[in-house]
Every structure is written in C-alpha cells, then in structure tokens.
Amino acid sequence: MTPVHFAFSSAFLLGLTGLAFHRSHLLSALLCLEGMMLSLFVALSVWTLQLDSTGSSAAPMLLLAFSACEASAGLALLVATARTHGTDRLQSLNLLQC
C-alpha cells in the first residue's frame, strides 16, 4: 500500500470511527460524514488521474455534487432540529414523537 492510499484510507477510517463512537451531537455526525465524503472525493480524483482515463473523469464531480446535496440536507435538518428541540444532542431526540 502506497503512502497516498494509506493517507486516504486512514482519513476515511478516522471519519468512520468518529461517526461510530462520538455520536453525541448531530453537528459532529455531519462533520464526520463530510470528512468521509471528502476523502472519497480526493481518492477518486487521484485514482482517475493515475489511470489517465477521460471516461471516468466525471465521477469525482458527480460525487462532489452528491456530497454538496448531502451537506445541505444535513444542515437543513440541523436547523430544523435546533429550532424544534432547542438542541442538537442526539440523545434528547425522540424519533417516535412528531
């Protein structure tokens, strides 16, 4: 495994462990998801550059567009949750209540 692949893999796994173990606030979960998506974007971009293929050059931009949509939806949920519940702590949210 090259140092570049190790860096991308460790960045993704760091975001995954942050998402798995530190889920106290919704904002921290969203930041971990965003870190995972950015590491996937950079890894896919480097992989496309290493292959020198023009056919898969649109894939990183498509992933970046989906990542932006995911981030905007997450921030909208964060604002709505903070307005209705007054906090973004995940333990205080009751999913059975409307």
Side-chain angles (χ1 to χ4, degrees):
M1 179 179 282
T2 64
V4 175
H5 291 105
F6 178 73
F8 296 140
S9 299
S10 63
F12 182 80
L13 288 176
L14 186 66
L16 188 64
T17 55
L19 184 64
F21 294 125
H22 302 291
R23 291 182 291 167
S24 61
H25 292 280
L26 182 59
L27 183 62
S28 64
L30 290 175
L31 284 173
C32 290
L33 281 174
E34 194 64 30
M36 290 169 57
M37 290 299 288
L38 285 176
S39 68
L40 284 177
F41 168 72
V42 173
L44 191 61
S45 298
V46 168
W47 180 65
T48 304
L49 287 174
Q50 285 178 350
L51 288 181
D52 290 331
S53 66
T54 59
S56 63
S57 63
M61 297 309 283
L62 186 65
L63 182 70
L64 191 63
F66 283 137
S67 176
C69 292
E70 176 257 333
S72 66
L75 286 177
L77 284 173
L78 178 70
V79 168
T81 303
R83 283 185 181 171
T84 57
H85 296 283
T87 183
D88 69 334
R89 288 190 57 84
L90 293 176
Q91 276 75 22
S92 66
L93 299 178
N94 189 0
L95 295 178
L96 299 177
Q97 252 180 349
C98 289

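Just so it is clear, the structure is predicted and the values come from calculations on it, not from any experiment.
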field: Point-to-point distance, once rounded to the nearest 0.5 Å, from CD of Glu34 to CG of Leu75
entry: 8.5 Å
field: Spacing of OG belonging to Ser9 relative to CG belonging to Leu14, to within rounding of 0.5 Å
entry: 12.0 Å
query: Between Gly15 and Cys32, what is the shortest heavy-atom contact and its length?
result: O-CB, 3.5 Å
- prompt: Judged by atom type as modelled, is there a donor-acceptor pair below 3.5 Å linking the side chain of Ser67 to the main-chain atoms of Leu63?
  reply: no
Distance (rounded to the nearest 0.5 Å) between His5 NE2 and Trp47 CH2: 10.0 Å
message: Any non-hydrogen side-chain atom of Leu40 less than 4.5 Å from a side-chain atom of Met36?
response: no
- request: Can you measure from CZ (Phe8) to OG (Ser45) and round to the nearest 0.5 angstrom?
  value: 8.5 Å
statement: Rounded to the nearest 0.5 angstrom, the CE-CZ distance for Met37 and Phe12 is 9.5 Å
message: Please determine whether residues Leu51 and Leu44 belong to a single hydrophobic cluster, defined as Ile, Leu, Val, Met, Phe, Trp and Tyr linked transitively by side-chain heavy-atom distances below 4.5 Å.
response: yes
- prompt: Same cluster or not: are Leu30 and Phe41 linked, directly or through other Ile, Leu, Val, Met, Phe, Trp or Tyr residues, by side-chain heavy atoms under 4.5 angstrom apart?
  reply: no
query: How many angstroms lie between CG in Asp88 and CG in Leu78, if you round to the nearest 0.5 Å?
result: 5.5 Å
Co-membership, hydrophobic cluster, residues Val42 and Leu64, 4.5 Å side-chain: yes
message: Do Val4 and Leu13 sit in one hydrophobic cluster, given that two such residues count as connected whenever their side-chain heavy atoms are within less than 4.5 Å of each other, even indirectly?
response: yes
